[in-house]
Amino acid sequence: MPDAKPIYVLNGPNLNLLGSREPEIYGRATLADIEQACAERARQLGRKIVFRQSNVEGELVDWLQEARDKAAAIVLNAGAYTHTSVALHDAIKASSVPVIETHLSNPAAREEFRHVSLVGKAAKGVIAGFGATSYLLAVEAAVLLANEGARA
């Protein structure tokens, strides 16, 4: 699919600190490492990615809205906004492409305030708890969903 729309991989607050921030929870892979792995996996599956990170909620909303027309699917690690952002929830609900929520850690096994996901309530599915591999699994799911949509 040379002209296929890309998979957007969007990252929220503090994910720019991966590799040094609480490595016992988030691992030692940097966000650049994850981007490279996602790009390679997407390439193997015949897609490209658009990979972005922001600490600003409104910027993530803007990217979700942009992806409505420009992406085949979205992988979203909203970080702490997962549990608090009605704006991200609403942007996902307004999206015409599938959104896969992903996390390095397993929020359900962590502090109670992380147990509720406003993002997950709007997403097509959730992949969490597998470290950096969560992203690769999410990219694979995104490509599969995008390909299904292309055949429909």
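The shortest heavy-atom contact between Ile100 and Ala141 is CD1-C, 3.9 Å. Residues Cys38 and Val139 come closest through the heavy atom pair SG-CG2, 3.9 Å. Taking every heavy atom of both residues into account, Ala146 and Ile7 meet most closely at CB-CD1, 4.3 Å. Summarising the geometry of Ser95 relative to Arg68, their closest heavy-atom pair is CA-CG, 3.9 Å, with the distance given to 0.1 Å. Pro13 and Ala78 get closest at one heavy-atom pair: CD-O, 3.4 Å.
By the 4.5 Å side-chain criterion applied to Ile, Leu, Val, Met, Phe, Trp and Tyr, Val99 is assigned to a cluster that also includes Tyr8, Leu10, Val50, Leu60, Val61, Trp63, Leu64, Ile74, Leu76, Tyr81, Leu88, Ile92, Val97, Val119.
Distance alone, capped at 3.5 Å, places no donor-acceptor pair between the Thr82 side chain and the Ser117 backbone. Using a distance-only test at 3.5 Å, with no hydrogens or angles considered, no donor-acceptor pair links the side chain of Arg47 to the main chain of Ala4. Under the 3.5 Å distance criterion, the side-chain polar atoms of Gln53 are matched with a main-chain donor or acceptor of Gly12. Judged by distance alone, with hydrogens and angles left aside, the side-chain atoms of Asn14 form no donor-acceptor pair with the main-chain N or O of Asn55 at under 3.5 Å.
In the hydrophobic clustering of this structure, Leu136 does not group with Ile34; members are Ile, Leu, Val, Met, Phe, Trp, Tyr whose side-chain heavy atoms approach within less than 4.5 Å, directly or through other members.
Applying the side chain to side chain donor-acceptor pair (under 3.5 Å) test to residues at least two apart or on different chains, the pairs with a partner in residues 120-143 are Asn11-Tyr135, Arg41-Glu140, Asn77-Tyr135.
Note that the CG atom of Asp62 and the CD atom of Gln65 stand 6.0 Å from one another [nearest 0.5 Å]. Residue Asp69 holds its CG atom at 6.5 Å from OG of Ser96, rounded to the nearest 0.5 Å. Between the CG atom of Leu118 and the CD atom of Glu101 there is a distance of 9.5 Å, given to the nearest 0.5 Å.
Checked against salt bridge (charged side-chain N to carboxylate O under 4.0 Å, His left out), Glu59 has no partners two or more places apart in sequence or in another chain.
Two residues are said to be in side-chain contact when any heavy atoms from C-beta on lie closer than 4.5 Å; Leu104 and Leu18 meet this criterion.
Using modelled atom types and a 3.5 Å distance limit, the side chains of Gln44 and Glu40 yield a donor-acceptor pair.
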